[in-house]
Participant: 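My structure is below; once you've seen it, I'll send some questions.
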Amino acid sequence: MKNHLLKIPFIFFSIILLIFFYLLIIERNPTDIPSALLNKKVQQFETSSLFNSQKFNSSQEFDNNVVLVNFFASWCKPCRDEHKFIKKISEKKNLKIIGINYKDNPKKAIEWLEKLGNPYSNVAIDRNGEIAIDWGVYGIPETFIVDAKGIIKFRHVGPITKKIYKKINLLIDEVKQ
Amino acid sequence: MTSSLGNFSLWVTLFFSISQFFFSRKKNQLKFVTISANGLFIASFISFFLLMYAHVISDFSLVNVFQNSHTTKPLIYKISGVWGNHEGSMLLWILVLTLFNFFIYKLYNDKNSTFIFKTLEIQSLITTGFIVFTIFTSNPFKKMISVAENGLGFNPILQDPALAIHPPLLYIGYVGFSAAFSMSVATLSLNKNESFYWYNYMKPFVLAAWTFLSIGIALGSLWAYYELGWGGWWFWDPVENASFMPWLLGTALLHSLIIADKRRSLQAWVLLLAILTFLLSVIGTFLVRSGILTSVHTFALDPSRGIYILVFTALLGGYSLILFASKSKIYFSNNYFSFFSKEGAILINNIFMVVICSTVFLGTIYPLLIEALTDNKISVGEPYYNSTVVPIILPAILIMGVGPLLSWEKENISKVIKKILPSAIFTLMLSVLFFSIYKIYSLIAIAGVSLAFWIITNNLIIIYKKRFNYSIGMIISHLGVGLLILGVTGSSVWQIEKISKMKINDEIKINNYNIIFKKISEIKGPNYLALKGSFFVYNSKKKLITTLNPENRFYPITGNFTSEASIHTNISRDLYIVLGKGNINNGWTVRVYYNPLVIWIWIGALIIFLGGIASTVQNIKKIPK
């Protein structure tokens, strides 16, 4: 056996690890699922609001504003993790944030928001997940940015992390212009 | 309190691990190595049971317990909840590592001291790596800032007996391969004049690891079968692949160890396989826990964990593979053999296993490669694996049937034909009989079923003729593989699926069965609410065979819905019903599966396990004293 042939396993191994390393450090998000709804008009919906059980009419609520739409539930642990970022966005950016409370117990959802703070200007109830289906929601939490014309500009599946938070910040400024 | 105790015990584990590393590098420090190996095991045992205790008493002062447990959870799932999450599973991983470390230490005697010390040194290096990882990136004893009243629960689909014991079995498998890895590195670091029967030491560990990995994978698959409600038992999910790849290489390793032992050839190849098998186990862990891939199993995402595991893998792999490149030359032998011999059959089997493993590996990381290079997202699924793995595995099985019958070194063709003639005839007869009953023909089915009978008859004939020079463990395991192939073929080729919207008293026909939807009722379980359907199953003679009661459960604590499939099993088929969404007016979506021969998969896996245990015990006895 030639000596240099014995190095082959090491070389292969190094190449594979380098690829993994590259994948880890690039700005990449495995849950970034291309949405068929991207750059399309949002699906309008009517339901009731979480706080006052009044009607929630999406076209009225969105009303030519740039809106951040966030699907969440009190039973979802990652939602709790991302909540601080949503609060940050609501504090720093002058922007309407709509929450959509997915398959949740309204009482618990209200308790949850009281405990963690409420960044939403209004919360729509999606009791049986129909709004989520219309919006093509893959799993919660999920976040959308809708521009003033009601067109979906951004979609993120999974909790907002620091990286995504920065990206969203930039995007909001962009969409606002 | 628990938090500080737990952290303390973890640090003690780290201390002993490091001390074992240093003392095993020196000669004549047996006393300190003894203290370290014992201390290491005891300390990790304590930290593991501390966490278990915290879970059992629902001590919500720990983040880990808060996030993964709940007071209403049944006791057994409180216990299995310890390893049902990333941090806790790392503790279990460390516990198994230190247990194997202790076994290796127990093998010490005057004659093998250099080898065992070197092995312990590498083993403590691995252990240290995992402990540091746990303490700094995945600490299960992290304290809550404010103590909560109750926990966030635990994914209800994980509340299942098969899944409760599945991870520990898998870890015994992965970690067992770490012993083979350490022994391989130790062997490569020995001097030329210290030639040594290292394979006799490695074999029982590899056998144990392989056996537990096999049953672990089977249990995971069993769980997916009845819990996920998709009617299948294997989905080529990245996490499944992560356990399947080390299993494939482990299979190759196991068989080539026989050649190293009996013929003193292929030693360098075995050393390489031992290294690669464990590296693949670690890389599998990396893929699953770094969040680099998404899958149904994904643990919490954390990039720092990914970087850590990657660096750790790079160190282990870099060190061992460079050592292999520079030192393995002395393990090449000139014991040539003909391909038509037992060694030849095993070597071909080895090549097939390695090729399958590479194929699965490629399929698993291909989406990542494409994304890195082109920014497109693709997914690789069943069609890829079916069209690549199946054609390679069929000839491997064919050879598996003959392999054990061949003699070492060189075999005479006419002798072999004489040996395999009876089993070939039996195979033909059984296959004809089988297809005269089942009467559904397809090339792949005929190949699968006759290969299964081929393996089964070959091994039954060995047992019948009482050829005692064969390892009984091997025969049992091979028999299990035969049954497994029968089940795999039957359930994948002849599965029938029917989906329909059913109202009360509606009827559905599948194969020869009539199934009537009798009623639906609400029930209350310990921590869930459920809708339970009742389906009466009649056979072709209109006789009631059974009532199937699939459930649609809702777990209020986590807000999850799960569907509990209801399955009627006999030796020839499973009837499998899943109750979907619906209401009284429009009816419910009902999925019915007719899955032939599924039970043979589980029986086969169990027999493989028993054979593996028998082999392990046999080989423990063969360790030189």
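Every chain is numbered from 1 and lettered A, B, ... according to where its sequence line falls, protein lines coming before strand lines. Every value quoted in this text rests on a predicted model; they were computed, and no experiment measured them. Heavy atoms only: backbone and side chains are in, while hydrogens, waters and symmetry mates are out.
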Participant: Can you tell me how far apart CZ (A:F20) and CD1 (B:I283) are? Round to the nearest 0.5 Å.
Facilitator: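 Here the interatomic distance stands at 6.0 Å.
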Participant: Answer whether the closest heavy-atom distance between the side chains of A:F13 and B:L276 falls below 4.5 Å.
Facilitator: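 The answer is no; the side chains never approach within 4.5 Å.
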Participant: Using non-hydrogen atoms and a 4.5 Å limit, figure out which bit of B:I275 sits close to chain A: side chain, backbone, both or neither.
Facilitator: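 Neither part.
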Participant: To the closest 0.5 Å, what do you measure between CG (A:L6) and CG (B:L272)?
Facilitator: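 Between atom CG of A:L6 and atom CG of B:L272 there are 9.0 Å.
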Participant: Got a list of side-chain donor-acceptor pairs under 3.5 Å for residues 314-325 of chain B, not counting sequence neighbours?
Facilitator:
| unit_1 | atom_1 | unit_2 | atom_2 | d |
| --- | --- | --- | --- | --- |
| B:S320 | OG | B:L316 | O | 2.8 |
| B:S320 | OG | B:G317 | O | 3.2 |

Participant: Evaluate whether atom CG of B:N583 has more than 12 neighbouring non-hydrogen atoms of other residues, nucleotides or ligands under 6.0 angstrom away.
Facilitator: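 Yes - once you tally the heavy atoms of other residues, nucleotides and ligands closer than 6.0 Å, there are more than 12.
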Participant: Could you pull out all residues at least two apart from A:C79 that satisfy disulfide bond (SG atoms under 2.5 Å apart)?
Facilitator: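 Only A:C76 meet the disulfide bond (SG atoms under 2.5 Å apart) criterion with A:C79.
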Participant: Measuring from B:L369:CG to A:I19:CD1, what's the distance to the nearest 0.5 Å?
Facilitator: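 So the gap between those two atoms works out to 5.0 Å.
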Participant: Is the NZ atom of A:K87 crowded by more than 12 outside heavy atoms at less than 6.0 Å?
Facilitator: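 Atom NZ in A:K87 is crowded, with more than 12 foreign heavy atoms closer than 6.0 Å.
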Participant: Identify which part of B:K327 has an atom lying under 4.5 Å from any heavy atom of chain A, answering side chain, backbone, both or neither.
Facilitator: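 No part of it gets close to chain A.
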Participant: Side chain from CB out, backbone as N, CA, C, O: work out which of these in A:I8 comes under 4.5 Å of a heavy atom of chain B, or both, or neither.
Facilitator: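 For A:I8, there is no contact with chain B at all, as no heavy atom is under 4.5 Å.
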Participant: First locate atom CD of B:Q67, then atom CG of A:D81, and finally report the distance between them rounded to the nearest 0.5 Å.
Facilitator: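 Rounded to the nearest 0.5 Å, the CD-CG separation comes out at 7.0 Å.
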